[in-house]
Amino acid sequence: MTFWFDRDENELVGNNLGEFVTVEENGTVRIDVGGIMDEGRALDKLTSIQKSVVNAIVANAGGDD
């Protein structure tokens, strides 16, 4: 599982997440943290998601709020 912020596309991207991520019909995204924890290197993987989200926030923090 790899997770990153694609600055060019302005998207959060993850690969090999199929078994850990579901998207409901209403658009809700669910990430199975328990499954990630059981997979190994869990804290590294969760930290990767956190850093990617922070990178997205920083890249889009233009003060236009």
Side-chain angles (χ1 to χ4, degrees):
M1 182 192 103
T2 305
F3 203 89
W4 68 94
F5 173 62
D6 181 336
R7 187 174 300 272
D8 294 334
E9 297 295 326
N10 199 29
E11 295 178 339
L12 291 166
V13 182
N15 64 3
N16 299 319
L17 293 171
E19 65 185 286
F20 304 117
V21 175
T22 56
V23 180
E24 298 176 355
E25 286 185 30
N26 65 2
T28 299
V29 176
R30 296 192 179 270
I31 299 174
D32 178 7
V33 175
I36 292 171
M37 294 300 290
D38 292 341
E39 183 72 12
R41 293 188 18 251
L43 295 180
D44 288 341
K45 292 174 183 179
L46 293 175
T47 300
S48 173
I49 293 170
Q50 177 189 28
K51 288 179 180 178
S52 299
V53 170
V54 169
N55 289 339
I57 291 167
V58 170
N60 287 278
D64 296 322
D65 301 339

Distance, nearest 0.5 Å, that separates CG of Asn55 from CG of Asn60
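It comes to 11.0 Å.
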
In this structure, CD1 of Ile36 is separated from CG of Asp44 (nearest 0.5 Å) by 12.0 Å

Under 4.5 Å between side-chain heavy atoms, hopping through other hydrophobics if needed: is there a path connecting [X] to [Y]?
{"X": "Ile57", "Y": "Ile31", "result": "yes"}
{"X": "Val54", "Y": "Ile49", "result": "no"}
{"X": "Leu17", "Y": "Met37", "result": "yes"}

Within a strict 4.5 Å, meaning less than it, do heavy atoms of the Phe20 and Val33 side chains meet?
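No, too far: nothing below the 4.5 Å cut-off.
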
If we only count heavy atoms from C-beta on, is the Val21 to Val29 side-chain gap below 4.5 Å?
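Sidechains of Val29 and Val21: in contact.
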
Which residues share a side-chain hydrogen bond (donor to acceptor under 3.5 Å, both in side chains) with Glu24, sequence neighbours left out:
Arg30

Quick one: side-chain hydrogen bond (donor to acceptor under 3.5 Å, both in side chains) partners of Asn16, sequence neighbours excluded?
none

Is the side chain of Ser52 donor-acceptor paired with the backbone N or O of Leu12 at a distance under 3.5 Å, no angle test?
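It does not hold such a pair.
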
Quick one: does any side-chain atom of Ser48 pair with a main-chain N or O of Phe3 as donor and acceptor, under 3.5 Å?
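Side chain of Ser48 to backbone of Phe3, a donor-acceptor pair under 3.5 Å: yes, one is there.
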
Going by the salt bridge (Lys or Arg N to Asp or Glu O under 4.0 Å) test, which pairs reach into residues 4-13, not counting sequence neighbours?
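Qualifying pairs, neighbours excluded: none.
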
